[in-house]
Every structure is written in C-alpha cells, then in structure tokens.
Amino acid sequence: MLLGSAVAASGADQSPDLILVHGRIHTEDASRSVVQALAVRGNTIIAVGPDQDVSALKGPMTRSIDLAGRVVLPGIIDAHTHPAESAQDQNKCSLEDKMLAAAEIKVKVSACLRRQPAEGKRWFEVVQVNPSGVTLTLHDLDTMLSDRPMLLEGSDGHTVWANSAALKASNIGPATRDPAGGRIEHDPSGNPTGTLRDVAAEIVLGAKPAPSLDFEAAQLDKALAGMRAIGITSVQDADTDDHDMQLYRRLYDEHRLNMRVRATFGLKETDRMADAIIADAIAFREKWAIDPDFLRADAVKIFADGVVEYPAQTAALLAPYLDRAGRPTGNRGPTYFTQDQLDRIVSAADAAGFTVHVHAIGDRAVRSALDAFANARQLNGMLDNRDQIAHLELVDPADFSRFRELGVIANFQLLWAERDPYITKATVPYIGPERSRYLYPARSLRDAGALIVGGSDWGVSSFNAFAAMEHAITRREARGREALLPEQSIGLQDIVDAYTINAAFALKQEHTTGSLEQGKRADFIVLDRDIFAIDPFDLHDTRILATYLDGREVYSIPTPKQIVH
C-alpha cells in the first residue's frame, strides 16, 4: 500500500505531476485502508500513504493540493445507466415523475405546448410521465394534441402512450402483432388504445424523425458532464445499438469522451435462433472495440420481463397478481422467453465470452434468469464473465443463495428502496404483504454471499449515487418518513463498495479502476464532507469538489479549503 518502488523513482524526471496531502483517502483496497496522501504521474497512481512519504516524492514541477482533511474516494462507477438514450430527453417537456391523474396530465401537457409552439408537423414528446395507476385512452391522447404525432414516455422506461397521429406514422393498426417482448394494448373492438408496453414502445420511438448526429452527440456530452459533476467516472450503458455507439464514438474521436464507457448490446429480436443472435452480438463487439480503457461493447442485455407496477404489470411473477380487493387474478405477467429459448441464448452468449446482463423485476423473471445461468454453467463451466441481474425488485428467498453459487452479480438500483407511491399504491396492494417482505432484498442477498453493485438506471431515475447510498442505508424517502423493510438495509461501506471496487469488477476493469492503489489509473473524487461521519439522511446533499479521470481534472468547484501550490 505504501510507496514501494515509487520512492526509489523520485528523481526529477520521475517525480509526480500531482500530489494530494492532508486528506482522508479511502483507497477501497482489499483492507479498505484510509491514507493521507496520494501521488499521480501521467494517468497512473504511483504512491499512496502517509503525508511525509508521499511529499518526499515532490519534484520542481509537481503540483500539490492540500485537501485540508477532505475525503477522497475512487471515481463512482454507475453499473446500470442509459446515457446515450436518456441524454436526448434533456430540454423536452417533463412531468418530473410526479403521480398525476389523467386530467392533471392533460393540464401539464397543455402548458408545455404553450411554451413550445408547434413547428410544422414536428413530433411532440413528453417524458418522465409517472405511469402508476394511470390509464390514458386514445381519446385522451388525441384531446391533448391531434394535428401532429405526440408521445408520452413513462418514467418506468417501459410504457409509451402514442396519439392517433403517432400510431399512423408508425403503421400501428388493429392488425399489428405484438413484437417479442412487448405488448400493444387494444380496446374491446380490437383497436390500439395508444398504450405500448416494453419492446412495443420501440415501434413508435423508432418512427419519429431523428435529429442530427451532431445535436445528439452534444446532448450526450452535456449529460456526461453532469455525471462527472456528481463524481461518476465510469458507466455501463445497459442497452445500446449502433446509433448509440456512433454518439460515443463521435465524442471519443473529438477527444470529448471524458468517461469510461462499457456498452451492452441490446438483444431485441430474441425470437431468432440463439446462434444468429449471438453472432450479431459478436459482430457488434468487434465493430465497437474502440479502446479497452474508454469505449468497448463486450456485454449483452436481455429483458426477461417488464415492470411490476399497476396498471402495466409486465413483470413476471411466480404467483398471480392480486386485484384491488386482494384476490388472485389469472395474470402472472407475460413470458417473454420460454425457458429453453432463454437457456440457449444465455449459454451461447456465455460461451462467446460476454457478460450477460439481465433485466429482471419479478421473482419469476429472476428465477428464470438464474436457471439460464445454471444451465450455462453446466454446459460451459464457471467462466469469468461477471454475469449480472439488474433491478431485482422482487426475489424469492429460495433464490438468494443461488447468486453466490452461480457467480451472478446483484446489480441493484437502491434509490428505489423507499416507501414511495410506486410501492405503496401501485405495487404492494397487487402482490400482497407476504411477497412484499422481499422488495429490493439487498441485505438478504449480501448475507447470502452475493456481490452487490450499484447503478442508477438514469434516465428512469437520478444518477446521484449519494442519494442512492442514503436510501440503501435508511430505506426511507427522507428523514421522518416510514422505512421500506429496514431489515434489508445495508451499511455505508457496503454501498460505497457497490459503486467502486465491486462495480469495477462487474465491468471487468478492477485491475485499472475501482480502488486507489499504486499502478492503477487515477480516477478519484474529492468530497465536500466526510460521508463516513455524517447522518446518513444527509448523504444526498454530498457535493463533489473535484473529479479526476485518468489523472486529469474533468470537473471542479473552487473552494477556499482547496489550496493549490
């Protein structure tokens, strides 16, 4: 941990470019050591240790930062997010994920239309529409806007409403079949209602005119800057295609990609033969193997189900959903794959060396994914592919131990672990109290030996990792609010690990990032407070004073406490 060979290499030509002293540097090494000082040369950490030893390396050109007791962490790694796609929603009409009735949605959309007057027949988009308990008819949608296409996009990331003009432009009619992994809702007469679930939403999203690549790249650049401002230095984009990768490549070629990006290839046409699907993924991986440190695409994404909240109820459950009176219905959610089909796809991807990243919300989807991983282990052996199941809203206790046994990483979005209206009004009444004991079971999985990593799922929710850390610990929306299953709380060190060294492992970059150790890349952040000494309810207020990526300062706020020599 200390200086090692770096002390011997302290000549003028080998001196650090930068040293940080008088800090509380949480290295996230195997011992979770906390040290005072750190030295960087080029993009690499050359020493960590006591102030005296690191300061001895200082050369005539070394810049020194007095941390004045500030806390330093490795850069935050968001292991499940959607920057390329979600960046394009910036500056659109947003309903801010607030629970609104249909009449209130109409009022908000009308206000947006007044602020954004029509430009010919340009499509109009409304984002962050909270879908919990909301039913919008085609008449409702056409009343809001009838003379040009309009889309309302649910904050769950799985629901889109389209008015008649948008349905027509997308060639969706009574005879349009549901795509694999999606659902087009119809009225009793067989006509589309304008509500599209999961993969069906991509029909209308794909029909809208695309803005220029320059504009979309600029939007992505802006979003990544916002991420750096909250301390994020690496992301796993959890569902990408060629268009998304073109945006990342544009920033990379222009030396503006100040973020490490590991992309997952979204497997969409999953009704084909597994070998053909994985052949496409292999071609995608080869095409976008741009830079192993900054831009690669060596994972695949599978949607095993949708979302649990009423009225969507597209999450796959082991037992049926309940009706409003608490009685079992005949609905257990859709089955996007037969088990044989999922087994074949997962085992083929595993054999090809991909990390398989599965979206699974319901307990049946989680079990089906685990069964597919178990089949892959039987066929291929235990390969080091770092397979993951994301979201994990509802997990059956019988499956807790299987994560460790199968080497499957639990990729949680614990900002959602709170007793909010999504849970109290749209989930618990429809699954009942017994199953509701296992919502976001982070402690149970940790205690069963699962490796837990953290992600945001932005733009479904905020990418503020410190807010997610707060909820992981408190299981509360805010101080004074009722907790969601406080027995499922995990500790601060657990959740810091989830966003640093554990996430680096999940992204297959633990040898270069995730901890602050000699020989690793200099990805680190300086905090405005000691998060290990404050009330957990104040974690969301944490601010980043500086973010460093590859030894370069990529974000900073000047502060009197930060003295540069």
Side-chain angles (χ1 to χ4, degrees), residues 99-103 105 129-138 140 154-159 161 178 181-198 200 303-339 359-371 391-400 416-441 444 475 477 482-488:
M99 287 198 75
L100 302 170
I105 291 174
V129 182
N130 188 314
S132 300
V134 172
T135 299
L136 293 170
T137 67
L138 192 58
D140 291 330
S155 54
D156 61 352
H158 294 261
T159 306
W161 295 269
D178 288 344
R183 187 173 80 217
I184 301 169
E185 295 193 354
H186 296 81
D187 64 22
S189 300
N191 296 310
T193 65
T195 302
L196 302 108
R197 308 288 187 187
D198 296 318
F303 283 92
D305 67 349
V307 292
V308 73
E309 291 84 13
Y310 178 85
Q313 296 184 335
T314 52
L317 303 187
L318 290 169
Y321 288 94
L322 307 179
D323 64 18
R324 293 186 181 184
R327 297 182 298 256
T329 68
N331 176 27
R332 296 195 306 141
T335 300
Y336 290 161
F337 298 91
T338 66
Q339 190 62 49
H359 164 117
I361 291 282
D363 50 8
R364 180 160 58 92
V366 173
R367 179 165 296 176
S368 179
L370 290 169
D371 287 347
H391 308 320
L392 300 167
E393 183 168 357
L394 186 63
V395 184
D396 190 275
D399 291 319
F400 291 162
W416 305 343
E418 59 178 9
R419 194 174 288 277
D420 65 0
Y422 277 108
I423 295 294
T424 60
K425 294 184 178 181
T427 300
V428 172
Y430 299 97
I431 64 172
E434 180 61 28
R435 280 185 289 181
S436 296
R437 294 168 51 202
Y438 303 107
L439 291 168
Y440 303 113
S444 291
R475 306 283 294 199
E477 202 170 4
E482 187 179 358
L484 174 69
L485 307 174
E487 66 273 18
Q488 293 296 346

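Values below: all heavy atoms of this structure, side chains included; hydrogens, waters and symmetry mates excluded. Values in this document were obtained by computation on a predicted structure and should not be read as measured data. Sequential numbering from 1 along the given sequence is applied to the chain's residues.
- Shortest non-hydrogen contact noted between Ala200 and Arg183 is CB-O, 3.4 Å.
- Side chains of Asn191 and Ser189: no donor on one and acceptor on the other come within 3.5 Å.
- Listed by first and then second residue, the ring-ring contact (aromatic ring centres under 6.0 Å, His included) pairs involving residues 418-437 are Tyr310-Tyr430 (not counting sequence neighbours).
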Report task. Might you work through the side-chain contact (heavy atoms from CB on, under 4.5 Å) test for Leu100 and Asn130, ending with a clear yes or no? Result -> CA-CA 7 Å; Leu100 302 170; Asn130 188 314; over 6 Å; no
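- Side-chain atoms of Asp305 come within 3.5 Å of backbone atoms of Gly362 as a donor-acceptor pair (strictly under, hydrogens ignored).
- Contacts of Ala103 classified as side-chain contact (heavy atoms from CB on, under 4.5 Å), with partners at least two apart in sequence or in another chain: none.
- A search for salt bridge (Lys or Arg N to Asp or Glu O under 4.0 Å) contacts involving Asp323 returns Arg327, not counting sequence neighbours.
- Proximity of Thr193 to Thr137: side-chain heavy atoms (C-beta onward) are nowhere separated by under 4.5 Å.
- In this structure, Gln313 CD and Leu322 CG are separated by 9.0 Å, a value rounded to the nearest 0.5 Å.
- Side-chain atoms of Gln488 never come within 3.5 Å of backbone atoms of Tyr438 as a donor-acceptor pair (strictly under, hydrogens ignored).
- Here the closest heavy-atom approach between residue Pro192 and residue Leu138 is recorded as O-CD2, 3.8 Å.
- Formation of a donor-acceptor pair under 3.5 Å by the Ser436 side chain with backbone atoms of Gly432 is found in this model.
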Query raised in the report: So Ile105 and Val129, side-chain contact (heavy atoms from CB on, under 4.5 Å) or not? Walk me through it.
Result: CA-CA 8 Å; Ile105 291 174; Val129 182; 4.1 Å; yes
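- Nearest heavy atoms, Tyr321 versus Gly333: CE1-N, 3.7 Å.
- With a 4.5 Å cut-off on side-chain heavy atoms, Pro441 and Phe400 count as touching.
- Evaluation of the salt bridge (Lys or Arg N to Asp or Glu O under 4.0 Å) test over residues 420-436, restricted to residues two or more places apart or in two chains, returns Glu434-Arg437.
- Looking at Thr314, its side chain does come within 3.5 Å of a backbone N or O of Val307 through a donor-acceptor pair.
- When all heavy atoms are compared, the tightest approach of Pro421 to Met99 is CB-SD, 2.6 Å.
- We find the CH2-CG distance between Trp416 and Leu439 to be 13.0 Å, quoted to the nearest 0.5 Å.
- Atom CD1 of Ile423 sits about 8.5 Å away from atom CD of Glu418, to the nearest 0.5 Å.
- Distance NE2/His158 to CG/Leu196: 14.0 Å, rounded to 0.5 Å.
- Remark: Arg364 CZ to Asp396 CG distance equals 13.0 Å, nearest 0.5 Å.
- Scanning all heavy atoms of the two residues, the minimum distance from Ser155 to Pro131 falls at OG-CD, 3.6 Å.
- Residues satisfying the side-chain hydrogen bond (donor to acceptor under 3.5 Å, both in side chains) test with Thr424, not counting sequence neighbours, are none.
- Nearest approach of Ala365 to Ala304, heavy atoms of both residues: CB-CB, 4.0 Å.
- Separating the CD atom in Glu393 from the CG atom in Asp363 is a distance of 10.5 Å, to the nearest 0.5 Å.
- Taking the side chain as every heavy atom from C-beta outward, Asp198 and Phe303 never approach each other to under 4.5 Å.
- Residues forming a side-chain contact (heavy atoms from CB on, under 4.5 Å) with Pro429 (at least two apart in sequence, or on another chain): none.
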